[in-house]
Amino acid sequence: MKIKLGYICIGISALLYIVLFAVPFIGLFSNFKIIAGSIFYVMSYIFMFLGFWLLGKDLARKIKDKFLNIFRKKKEE
């Protein structure tokens, strides 16, 4: 349950970040655009860090292993 919730939080974070780029095209006052953009940006980071916290060391270990595999020499057989 904790892992699923972590992935959901990261998905919400990605959606909020994508919506952030649509804010300039909203036909409202510029003050509202600035406030909405700031809220989307902050909420995106809150959900991202919450997702990373819920996923924990397992996600960090998977990312680290994949990153290090890029730079490892492949053994020739």
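Treat the numbers as computed from the prediction; the structure is a model and nothing was measured.
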Worksheet item: Taking ILVMFWY side chains as joined if any heavy atoms are under 4.5 angstrom apart, and letting links pass through other members, which residues group with I34?
Response: none
Worksheet item: To the nearest 0.5 Å, how far apart are CD1 in I39 and OG in S44?
Response: 13.5 Å
Quick check: is [Y] connected to [X] through a chain of hydrophobic side chains (ILVMFWY, heavy atoms under 4.5 Å apart)?
| X | Y | result |
| --- | --- | --- |
| I63 | L50 | no |
| W53 | Y17 | no |
| Y7 | M43 | yes |
| I18 | L20 | no |
| L16 | M48 | yes |

Is the side chain of [X] donor-acceptor paired with the backbone N or O of [Y] at a distance under 3.5 Å, no angle test?
| X | Y | value |
| --- | --- | --- |
| K2 | L55 | no |
| K33 | P24 | yes |
| S13 | F47 | no |

Practice prompt. Measure across C9 and L54 and return the closest heavy-atom pair with its distance rounded to 0.1 Å.
Written response: SG-CD1, 4.2 Å
Worksheet item: Nearest heavy-atom pair of A36 and V23: which atoms, and what distance?
Response: CB-CG1, 4.4 Å
Worksheet item: Applying the side-chain contact (heavy atoms from CB on, under 4.5 Å) test to I12, which of L15, I10, I8 qualifies?
Response: I8
Worksheet item: With sequence neighbours excluded, what pairs up with F32 under the ring pair (Phe, Tyr, Trp, His ring centres under 6.0 Å) test?
Response: none
Response to the item:
Across all chains, not counting sequence neighbours, the ring pair (Phe, Tyr, Trp, His ring centres under 6.0 Å) partners of F25 are none
Worksheet item: Aromatic rings F49 and Y45: how do their planes relate, parallel, tilted or perpendicular, breaks at 30° and 60°?
Response: tilted
Worksheet item: Within a reach of under 6.0 Å around CG of L5, are more than 12 heavy atoms found that belong to other residues, nucleotides or ligands?
Response: yes
